[in-house]
Amino acid sequence: MTIITGATKVHGLFGTPVAYSLSPVIFNRTFQKLGLDRTYVPFDVPTENLKDAVEAARVLSFAGFNVTMPHKTAIVELLDVIDRSAERAGAVNTVARTPRGLSGHNTDGEGAFRALKAYGFNPNGKRILVIGAGGAARSIVDRMSREKNDVRILNRTLAKARSIADATGGHGRVTFGELTRKNLEGRLRESDLIVNTTPVQTPSLIQQLGVPISALDGNAWVFDLAYDRVLEPLPGVVRVSPLEMLVQQAALSFEVWSRKPAPFQIMRSVLVDFLGRDWK
Ligand code: ATR
C-alpha cells in the first residue's frame, strides 16, 4: 500500500455514478507498481456541483483528473485551455494542470483508434458505421474521418448526426442518416466496422429495430463502447472490447499528466489481473 505523504500528487475522477469505474484500479495499481508518488480518487459529483468540484481541483492543486458522464460537455467552459482534440469533440474527459491553468483534452477518438489497431483492425480505407451521435461519437467520427474512411452516422435524432457530419474536418467521407430499420439493415451489410456508441448493445439494438441478425454476415467487426456489463453474444462476429479502449484512454491520460510515454503493458496487465481474465 502506497503511503500518502505531503508530496503525493493527487488525481481524481469526476462523474456520477463513479462507484463502478475501473479507472482507480488501473491508475492506483500502476502508480504502485512503478513506485510513483501519485494517487487517483473517484469523486461522485452531481451536475449542480461540477463548478465547485473544478474550483476544488484548482485550489487543492490536483495534478490532473478525468471527467466522465454526465460532465464531459459542461466542463468545457469551466477550464482555461482546450486542446484541439477537445475542441473538435466539444467535450473533455481528461484535465491537466499546466502553467496556463486547467487544460482540457479528449481521448475518445484516439482511444478508440488505438484499441482497434491493438486488435489488428486498421481504420483506414474502411466503411465504418457509427451508431449514436453523442460526445463519444463526435470524437470518434472526427478521428476516423482524418484517415481515408467512409463514415456513416446513424442516430435516432437526425439533427445530432448532421451536426457531427457538418463539423468534421478530415479528408474522409462522412454522411449521416436516421437510425431506422431500413437504414440500419442496409448499412450493416455494407460496413467493415460498426462502432456502437449508444448505451444499448448491438444485438439488442438490432432486435429492437426489427433487423434480422443475419444482416451481420460476419464480415463486419463490432465495437460496442458501453463497458459496464457483460457483452451480449453475437456468434461468428469479431468483437472489439471496450475494455481495450478503456486502457488505451487511461494510457493517454497518463501521458497528458506525466508528459512521458505511458507504461501501457503494465496498465493493461493490471486490469487483466484485477478482472481475472483477458478480453482479447
Ligand atoms: P456519450 O457521451 O457516451 O456519447 P451521449 O452524449 O448521451 O453519450 O450519447 C448517447 C447516444 O446514444 C445519443 O446519440 C442517443 O441518441 P439521441 O441523440 O437520439 O438521444 C443514443 N441513444 C441513447 N439511447 C438510445 C436508444 N435506446 N436507442 C438508440 N439510440 C440511443
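Atoms within each ligand, like the ligands themselves, are counted from 1 in listed order.
Inclusion of Thr197 in the set of residues having an N or O under 3.5 Å from an N or O of ligand 1 is not warranted.
In the vicinity of Val200, heavy-atom distances shorter than 4.0 Å reach the ligand 1 atoms 26 (C), 27 (N). With ligand atoms numbered from 1 in the order given, ligand 1 contributes 4 (O), 5 (P), 6 (O), 9 (O), 14 (O) to contacts under 4.0 Å with heavy atoms of Gly134. Within the listing of ligand 1, atoms 14 (O) sit less than 4.0 angstrom from a heavy atom of Gly132. Of all the atoms in ligand 1, the ones that sit under 4.0 Å from a non-hydrogen atom of Pro199 are 12 (O), 22 (N), 23 (C), 24 (N). Applying the 4.0 Å criterion to heavy atoms of Ala136 picks out, from ligand 1, the atoms 1 (P), 2 (O), 4 (O). Near Lys160, with a cut-off below 4.0 Å to any heavy atom, the atoms of ligand 1 are 17 (P), 18 (O), 20 (O).
Contacts of Asp37 classified as salt bridge (charged side-chain N to carboxylate O under 4.0 Å, His left out), with partners at least two apart in sequence or in another chain: none.
Put simply, the residue from Arg138, Arg88, Lys72, Arg143 that forms a salt bridge (Lys or Arg N to Asp or Glu O under 4.0 Å) with Asp108 is Lys72.
Within the 4.0 Å heavy-atom criterion, the part of Asn155 lying near ligand 1 is the side chain and not the backbone.
Atom 14 (O) of ligand 1 has Ala133 N, 2.8 Å as its closest protein atom, hydrogens excluded (heavy atom only). Protein heavy atom closest to atom 19 (O) of ligand 1, with residue, atom name and distance, is Thr157 OG1, 2.5 Å.
In this structure, CG in Leu193 is found 11.5 Å from CG in Asn122, a value given to the nearest 0.5 Å. Taking CG of Leu225 as the start and OG1 of Thr197 as the end, the distance is 6.5 Å to the nearest 0.5 Å.
For Arg38 (side chain) and Phe31 (main-chain N/O), no donor-acceptor pair under 3.5 Å exists by modelled atom type.
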